Amino acid sequence: MTSSEARNFMSVQFAALSENESFARVVVAAFVSRLDPTMEELNDLKTVVSEAVTNCIIHGYDSDSTGIVSISASLDNETVHLTIEDKGRGIEDLELAQQPLYTSKPELERSGMGFTIMENFVDHFEVTSEPGRGTSISMKKTIVSKKALYN
């Protein structure tokens, strides 16, 4: 990988609409494709993007489409750094929200597994939130070269 690729980055913002969740998945997948991820790695990244964006829309903005979801990503050699954030309502009790099966929207039949899924699909996972100011989810995942798998 060249030194310019080691500093490659992108950012995108979009309306907090559920139909934009698939757009977010495609944008991140296209950006990461230069690392030649395996299908499993690509699916893991697409899953964490879906979970994070859905959380921003449903919990951060309470499905208010005037909100804005932001994604930034960078490549540091084989490591993908992702940050997905909203400027919505924030999380009152972050420790409780990160407990498996907890959901603040049981009426929507949410599983309460979003943070757990994200944490298990990446190498590093961190949530920061401030009530009334929004939530930021930062993740890192190292992509294993397909070439190394076949040698």
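Just so it is clear, the model here is predicted, and its values are computed rather than measured.
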Inset, instruction - Quick one: pull up CD in Glu119 and CD1 in Ile137 and give me the separation to the nearest 0.5 Å. - result: 11.5 Å
Inset, instruction - Please list, chain by chain and in numerical order, all residues satisfying salt bridge (Lys or Arg N to Asp or Glu O under 4.0 Å) with Lys141, sequence neighbours excluded. - result: Asp44
Inset, instruction - Using modelled atom types only, decide if a donor and an acceptor are shared between the side chain of Tyr61 and the backbone of Cys56 within a distance under 3.5 Å. - result: no
Inset, instruction - Could you tell me the separation between the CD1 atom of Ile58 and the OG atom of Ser63, rounded to the nearest 0.5 Å? - result: 5.5 Å
Inset, instruction - State, yes or no, whether a side-chain contact exists between Thr83 and Ser136 at a heavy-atom distance under 4.5 Å. - result: yes
Inset, instruction - Flag yes if Val80 and Met10 sit in one hydrophobic cluster, no otherwise; membership is Ile, Leu, Val, Met, Phe, Trp, Tyr, and two members link when side-chain heavy atoms are under 4.5 Å apart. - result: yes
Legend entry - Over all atoms of both residues, closest heavy-atom pair of Ala15 and Ser65: CB-O, 3.9 Å
Inset, instruction - Quick one: do Val49 and Leu82 satisfy side chain to side chain contact (heavy atoms under 4.5 Å, CB included)? Show the steps, please. - result: CA-CA 9 Å; Val49 168; Leu82 275 175; 4.0 Å; yes
Inset, instruction - Using atom types as modelled and distance alone, determine if a side-chain donor or acceptor of Ser129 lies under 3.5 Å from a backbone N or O of Gly134. - result: yes
Inset, instruction - Check the pair Asn55, Met118 against side chain to side chain contact (heavy atoms under 4.5 Å, CB included), reporting the backbone distance first and the verdict last. - result: CA-CA 11 Å; Asn55 277 355; Met118 287 182 262; 3.5 Å; yes
Legend entry - Exercise: identify the closest heavy-atom pair between Pro37 and Ile143: CA-CG2, 3.6 Å
Inset, instruction - Take Asn20 and Ile57, measure what side chain to side chain contact (heavy atoms under 4.5 Å, CB included) needs, and give me the verdict at the end. - result: CA-CA 10 Å; Asn20 285 337; Ile57 294 167; 5.6 Å; no
Legend entry - Interatomic distance, Leu42 atom CG to Ser33 atom OG [nearest 0.5 angstrom]: 8.0 Å
Legend entry - Side-chain heavy-atom pair Glu41, Leu35 within 4.5 angstrom cut-off: no
Inset, instruction - With sequence neighbours excluded, tell me which residues meet side chain to side chain donor-acceptor pair (under 3.5 Å) with Thr79. - result: Thr142
Legend entry - Min side-chain heavy-atom separation Val28-Ile71 under 4.5 Å: yes
Inset, instruction - Would you please say whether a donor-acceptor pair under 3.5 Å links the side chains of Glu85 and Ser70? - result: no
Inset, instruction - Flag yes if more than 12 heavy atoms outside Glu40 fall under 6.0 Å of its CD atom; otherwise flag no. - result: no
Inset, instruction - Enter the distance from Leu17:CG to Thr66:OG1 here, rounded to the nearest 0.5 Å. - result: 9.5 Å
Inset, instruction - Determine whether Glu51 and Phe115 make a side-chain contact, defined as any pair of heavy atoms from C-beta on separated by less than 4.5 Å. - result: no
Inset, instruction - To the nearest 0.5 angstrom, please state how far the OG1 atom of Thr135 sits from the CD1 atom of Ile91. - result: 4.0 Å
Legend entry - Inter-residue atom distance Ser138.OG - Glu126.CD, 0.5 Å rounding: 6.0 Å
Legend entry - Residue pair His59 / Asp86, side-chain heavy-atom distance below 4.5 Å: no
Legend entry - Close side-chain approach of Phe121 to Leu45, heavy-atom, < 4.5 Å: no
Inset, instruction - Name all residues meeting the ring pair (Phe, Tyr, Trp, His ring centres under 6.0 Å) criterion together with Phe9; count only those two or more places apart in sequence or in a different chain, and write none if there are none. - result: none
Inset, instruction - Please state whether the rings of Phe14 and Phe23 are parallel, tilted or perpendicular, taking 30° and 60° as the class boundaries. - result: perpendicular
